[in-house]
Amino acid sequence: QTRGYRYLASTETTIVPFAMADSVIERNRQLHEEIDRTQIEAVKELCTSGRSHREKIHGEHRVMQMAERIAQCSRELTDFYNDVDGSREAEIKAVSGPNEFSEFYTRLQVIRDRHRAQHRSIVEPMRLDFVSVEDSINGDMTGQALVKFSGEEGHGRYLDLHTLYDTYLNLRFVEEKLDYTDYISTFDRLFSIDRKHKKKAYRRYITELLDYLKSFHLRSKPFVDVESDLAKAEVEFEGPWSEGTFPGWAPEAAENAEGNDRKETEDGPLDLSPYASAQELGSAVDMDRLKTALQAIGLKCGGTAEQRAERLFSVKNKPREQWPKKILAAPAKKAPAASTSGGDVASTTDDAKATALIEAKVYRMVELLGEARQLTRENVERKQARNIDEMNDEENDANNADSMDEGDDDDDAMGDSEDKLPYNPKGLPLGWDGKPIPYWLYKLHGLNVRYSCEICGNFVYRGPKAMQMHFKEWRHAHGMRCLGIPNTLHFTNVTRIEDAKALWEKLKEKKVAESFQAADEEEYEDSQGNVVNKKTYEDLRRQGLL
C-alpha cells in the first residue's frame with residue numbers, strides 16, 4: 001500500500017480519506033477507531049524510556065496533542081449519540097427496516113458511482129496518520145519542532161530572564177543596579193517595592209514577567225494545568241486583599257478611591273505653607289512633583305522647574321476666582337479622569353486590585369518554577385566562572401549542534417550525547433563541562449563528607465563550604481521560619497531542631513534577664529544624699545524613716 005501511495009502521488013492523483021461521508025454509523029466507527037489508535041500511540045509515547053531531555057519534552061507535547069485529539073473525537077461522538085437532528089436513528093431504521101435489501105443496493109450503487117468518478121484516487125487508511133507519530137517515538141524527529149526554546153533556556157531546563165532584567169533596570173524607581181544573578185534570586189520580591197512606584201511601567205513589567213513564566217511553564221511542563229493553579233491563586237487572593245493584608249499593599253498606604261477628604265500624595269496637591277518663596281519651592285521640589293501638583297489643581301504644567309515653581313507659588317493662599325486665567329489649563333486637561341485614565345498610576349481601587357492580582361499570580365508561578373529557577377542560578381554562576389577558552393569551546397559546540405539540527409538524521413546522536421551520563425563509578429560531582437571533577441579536587445574541597453541538616457528537612461550538603469553557605473540560603477531560612485525562630489547569627493552551625501529550640505529559649509531568658517528591672521535598678525536619693533533602689537526607697541518611705 002505504501003508503494004502504491006508513492007507511485008500514484010507522483011502521477012498527480014488525488015488522495016482521499018478513507019471515509020463514507022453519507023453514513024452516520026460509519027463516521028461513529030471511525031471516531032471510535034481514531035480514539036483507540038490515539039490511545040495506543042499515547043501509551044507507546046509514555047512508556048518509551050532512555051531518551052534525552054529534549055525528546056522527552058517533545059514527547060510530552062505529542063501526548064498533549066493526542067489528548068486534545070481524543071477530546072475532540074469524544075465531543076463529536078457525544079453529539080452523534082445525543083442525536084439531536086435524528087439522523088442516527090433514521091439511518092438505523094433504514095438499514096434494519098423492511099426494505100433493508102433495497103437500502104443495501106442503493107448504498108452499494110453510491111459507492112460504485114463514486115469509485116467510477118474517482119477511479120484514479122486512492123484511499124488513505126487511518127493508520128497512515130500515525131506513521132509520523134511512530135517515527136517520532138522511534139527517534140526520527142526530522143522536520144518536527146513542536147515547541148521552541150531559546151539558547152539560554154536549554155530545552156526547558158533554565159529560565160531566560162535577560163529581557164525582563166533589562167526592563168527592570170530601566171524602571172525609574174530602581175536605584176540599586178543588581179547583576180543578573182541577584183535578579184534571578186530577587187525578581188519575585190515585588191512586595192518590597194513601594195506602592196507609589198507601581199505605575200503604568202511597573203504594571204507592564206510584571207505583566208510581561210507573568211506572560212513569560214506562563215509561556216515557559218506551558219512549554220517545559222505541558223502536563224501541568226497552569227490555568228487552574230492561577231485560578232486558585234486568584235481565589236486565595238480575594239481574602240488577603242479584602243482584609244488589607246496582601247503583601248506590598250498596606251491599607252494605610254492606599255489613596256482614598258472616592259476622592260473624599262483628599263490627602264496630600266505624590267500625585268495630589270502640594271502643601272505650600274513650608275515654602276517662603278518660589279525659589280525655595282523650586283529648589284526643594286523636583287520637576288515631576290511640581291508637574292503633578294499643577295495638574296492636580298488644574299494649572300498649566302509646562303516649562304522649566306523655575307517657571308513651574310513660580311506658577312504654583314503665585315496661587316498660594318488665593319481663592320480660585322483670583323487665579324490669573326493665563327495660567328489655567330485647558331478644560332480637557334482639567335478633569336482628573338483624563339490624567340488617570342491613561343494608567344499613569346493605580347489611583348483607583350480597581351486598578352490597584354488588578355495590579356496586586358498580577359503580583360499574586362507571579363508569586364504562584366514562581367512557586368511552580370522553583371526548581372528551574374534554582375538551576376538557572378547555578379547555570380549562570382557556572383558560566384560566569386569560565387575563562388575565554390572555555391567560552392569559545394562552548395560556542396563552537398553550540399554552533400556544531402545547530403548545524404546538526406539543520407542537517408538530516410543526526411538529532412538522535414546529538415540528543416543522546418547531550419544527556420548521556422559519563423562514566424562515574426565514584427559518584428563525583430559534575431563540572432561545568434558535564435564531566436566528573438578530578439578525585440584529588442573532590443577530596444581537597446571535602447566533598448566526600450556529607451552534612452545533614454534536620455531543620456532543612458534532612459537535606460544533605462556536600463562539603464563544609466556548602467554546609468556553611470546553606471545557613472544563609474532560603475531552605476534553612478524557611479525551616480527556621482516554620483519553627484518560629486529568627487534566622488540570626490546565634491543559630492549558625494545549629495542543625496538539629498531540639499538544639500535550635502533550646503538555644504532560642506535560652507536567648508529569650510537571657511534577654512529577659514538583661515532587660516531593665518525598675519524595682520531593682522531604678523535608683524532614688526533621699527534628703528541626706530543616700531542612693532538606694534526603688535524597692536528599698538518605697539519600704540523606708542512607708543515606714544517613715546526618710
Side-chain angles (χ1 to χ4, degrees), residues 53-54 149-169 174 176-190 192 209 212-213 216-217 220-221 362 365-399 401 418-419 421-422 424 427-451 453 456-457 459-479 487 492:
H53 177 79
R54 177 188 177 187
F149 294 97
S150 65
E152 191 70 20
E153 289 175 338
H155 296 294
R157 291 187 182 91
Y158 315 116
L159 298 172
D160 185 5
L161 301 174
H162 287 86
T163 303
L164 295 166
Y165 171 64
D166 295 336
T167 305
Y168 174 78
L169 292 182
V174 177
E176 182 182 0
K177 302 302 181 182
L178 302 175
D179 59 8
Y180 184 61
T181 307
D182 294 336
Y183 174 76
I184 296 174
S185 304
T186 61
F187 74 87
D188 61 330
R189 297 178 59 86
L190 305 176
S192 62
L209 176 61
Y212 172 74
L213 295 178
F216 180 82
H217 196 283
S220 60
K221 300 179 180 179
V362 170
M365 293 304 304
V366 171
E367 292 179 5
L368 297 176
L369 296 173
E371 183 180 358
R373 179 185 182 183
Q374 181 67 20
L375 293 176
T376 303
R377 179 180 175 86
E378 296 175 357
N379 182 53
V380 172
E381 292 177 348
R382 185 169 60 250
K383 286 185 176 181
Q384 291 176 349
R386 300 176 183 175
N387 55 34
I388 186 64
D389 295 333
E390 295 170 346
M391 295 175 64
N392 292 335
D393 293 341
E394 180 189 7
E395 184 177 358
N396 294 332
D397 293 341
N399 293 334
E418 180 182 309
D419 279 355
L421 295 178
N424 189 10
L428 301 178
L430 302 182
W432 64 268
D433 55 354
K435 298 179 181 179
I437 63 175
Y439 189 71
W440 64 266
L441 186 62
Y442 175 76
K443 297 282 288 185
L444 178 64
H445 290 285
L447 300 180
N448 56 328
V449 182
R450 289 175 168 79
Y451 300 90
C453 181
C456 298
F459 192 85
V460 178
Y461 298 91
R462 283 189 172 188
K465 182 179 179 180
M467 183 62 179
Q468 291 297 325
M469 291 293 295
H470 101 279
F471 289 107
K472 302 178 182 179
E473 296 176 351
W474 66 270
R475 183 179 286 106
H476 192 82
H478 177 70
N487 189 24
T492 304

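Between Lys177 and Val174, the shortest heavy-atom contact is NZ-O, 3.6 Å. Glu153 and Asp160 get closest at one heavy-atom pair: CG-CB, 3.6 Å. The minimum heavy-atom distance linking Leu430 with Pro436 is given by the pair CD2-N, 3.7 Å. Tyr461 approaches Cys453 most closely through the heavy-atom pair CE1-CB, 4.1 Å. Considering all non-hydrogen atoms of both residues, Gly156 and Ser220 come closest at O-CB, 3.8 Å. Nearest heavy atom pair, residue Leu213 against residue Met365, reads O-CE, 3.5 Å.
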With a cut-off of 3.5 Å and sequence neighbours excluded, list every side-chain donor-acceptor pair involving residues 467-476.
| residue | atom | partner | partner atom | Å |
| --- | --- | --- | --- | --- |
| Gln468 | NE2 | Asn493 | OD1 | 2.9 |
| His470 | ND1 | Met467 | O | 2.5 |
| His470 | NE2 | His476 | ND1 | 3.3 |

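Taking CG of Leu209 as the reference point, atom OG1 of Thr163 lies at 12.0 Å (rounded to 0.5 Å). The distance from atom OH of Tyr158 to atom CD of Gln374, rounded to the nearest 0.5 Å, is 12.0 Å. For the atom pair Thr376 OG1 and Glu371 CD, the distance stands at 10.0 Å (nearest 0.5 Å). Rounded to the nearest 0.5 Å, atoms CG (Asn379) and CZ (Arg157) are 9.5 Å apart. In this structure, CG in Leu428 is found 11.0 Å from NZ in Lys443, a value given to the nearest 0.5 Å. The line from SG of Cys456 to NE2 of His478 is 10.0 Å long, rounded to the nearest 0.5 Å.
A distance of 6.0 Å or more separates the ring centres of Tyr165 and Tyr168.
Counting heavy atoms from C-beta on, the side chains of Leu164 and Tyr183 come closer than 4.5 Å. A heavy-atom distance below 4.5 Å is found between the side chains of Val366 and Phe187. In this structure the side chain of Leu369 reaches within 4.5 angstrom of the side chain of His217, judged on heavy atoms.
Distance alone, capped at 3.5 Å, is enough to place a donor-acceptor pair between the Tyr180 side chain and the Leu161 backbone. Between the Arg373 side chain and the Leu159 main chain, no donor and acceptor come within less than 3.5 Å of each other.
Comment: Arg377 engages Glu381 in a salt bridge, judged by a side-chain N to carboxylate O separation of less than 4.0 angstrom.
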